[in-house]
Amino acid sequence: QVQLVESGGGLVQPGGSLRLSCVASGLSFSSSIMRWYRQVPGRQREFVATIFSVGNTLYAPSVKGRFTISRDNTKNTVYLQMNSLKPDDTAVYYCSADSLYWGQGTQVTVSS
């Protein structure tokens, strides 16, 4: 059974930083394409970042230069380092494996 468990969300002031983690189990993590998405209530889920099995990455224009996705295959974990956070980054953040499996999400709130 595949499980993805996100953590690291919370309340942060504009300009601050957070690091999200997603621990995966039940799948071949090192060969999986891992992605982060986010969703605001009433809006469609939005792509944030991808990291491929070989380590190359892609980012949504809205987060490029501020967010960094990384992975540790020894820990079956994907990370999202978020810097220079803005109120528009407020959302529930989800990780996904191969766009087939999803975590339960972690809330990120950027507010003063």
Side-chain angles (χ1 to χ4, degrees):
Q1 180 182 0
V2 176
Q3 276 196 314
L4 301 175
V5 180
E6 301 101 332
S7 62
L11 173 64
V12 63
Q13 291 188 342
S17 298
L18 281 175
R19 188 176 83 152
L20 307 183
S21 301
C22 172
V23 180
S25 60
L27 77 167
S28 178
F29 180 81
S30 61
S31 61
S32 296
I33 300 172
M34 301 301 296
R35 295 182 173 92
W36 286 97
Y37 288 80
R38 63 188 182 187
Q39 189 169 23
V40 174
R43 296 173 61 177
Q44 282 193 327
R45 195 166 291 189
E46 175 189 22
F47 165 77
V48 175
T50 297
I51 186 164
F52 295 90
S53 57
V54 295
N56 48 321
T57 58
L58 291 171
Y59 296 93
S62 60
V63 307
K64 195 170 185 179
R66 300 187 298 122
F67 291 10
T68 302
I69 188 171
S70 61
R71 66 193 298 161
D72 185 342
N73 290 339
T74 67
K75 297 181 179 179
N76 282 8
T77 302
V78 61
Y79 304 98
L80 186 68
Q81 176 67 44
M82 305 186 295
N83 299 329
S84 302
L85 282 162
K86 306 174 182 179
D88 283 351
D89 296 317
T90 296
V92 177
Y93 283 71
Y94 299 90
C95 73
S96 170
D98 297 323
S99 297
L100 294 174
Y101 307 103
W102 296 84
Q104 82 290 347
T106 185
Q107 175 71 47
V108 171
T109 303
V110 184
S111 174
S112 55

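No hydrogens, no waters, no symmetry mates; every other heavy atom, side chains included, goes into these values.
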What side-chain donor-acceptor pairs closer than 3.5 Å can you find for residues 15-29, not counting sequence neighbours?
residue: Ser17; atom: OG; partner: Asn83; partner atom: OD1; Å: 2.9
residue: Ser28; atom: OG; partner: Ser31; partner atom: OG; Å: 2.9

Reported CG-to-OG1 distance for the pair Asp89 and Thr109, which is rounded to 0.5 angstrom:
11.0 Å
Residues 40-51, side-chain donor-acceptor partners within the protein, below 3.5 Å, at least two apart:
residue: Arg45; atom: NE; partner: Gln39; partner atom: OE1; Å: 3.4
residue: Arg45; atom: NH2; partner: Gln39; partner atom: OE1; Å: 3.4
residue: Glu46; atom: OE1; partner: Arg38; partner atom: NE; Å: 2.8
residue: Thr50; atom: OG1; partner: Arg35; partner atom: NE; Å: 3.3

Is there a path of hydrophobic side-chain contacts, each under 4.5 Å between heavy atoms of I/L/V/M/F/W/Y residues, joining Tyr79 to Val63?
no
Residues Thr106 and Gly9: closest non-hydrogen pair is OG1-N, 3.2 Å
Distance-minimising heavy-atom pair for Ser112 and Pro14:
N-CD, 3.7 Å
Considering all heavy atoms of both residues, which atom of Ser53 and which atom of Ser30 are nearest to each other, and what is their separation?
CB-O, 3.2 Å
Linked, directly or transitively: Val78 and Val2 (ILVMFWY side chains, under 4.5 Å):
yes
Tell me, do Met82 and Thr68 make a side-chain contact under 4.5 Å, heavy atoms counted?
no
Shortest non-hydrogen pair, Ile69 vs Tyr59, comes out as N-OH, 2.9 Å
Keeping to residues at least two apart or across chains, list the ring-ring contact (aromatic ring centres under 6.0 Å, His included) pairs with something in residues 90-112.
Tyr37-Trp102
Hey, what do you get for CD1 (Ile33) to OG (Ser96), rounding to the nearest 0.5 Å?
10.0 Å
Could you tell me if the side chain of Leu4 sits less than 4.5 Å from the side chain of Met34, heavy atoms only?
yes
What is the minimum heavy-atom distance between Asn76 and Asn73, and which atoms define it?
OD1-O, 3.3 Å
Give a yes or no answer on whether the side chain of Ser62 reaches the backbone of Ala60 with a donor-acceptor pair at less than 3.5 Å.
no
Asp72 (side chain) donor-acceptor with Thr74 (main chain) under 3.5 angstrom
yes
Between the side chain of Arg66 and the main-chain N/O of Ser84, is any donor-acceptor distance below 3.5 Å?
yes
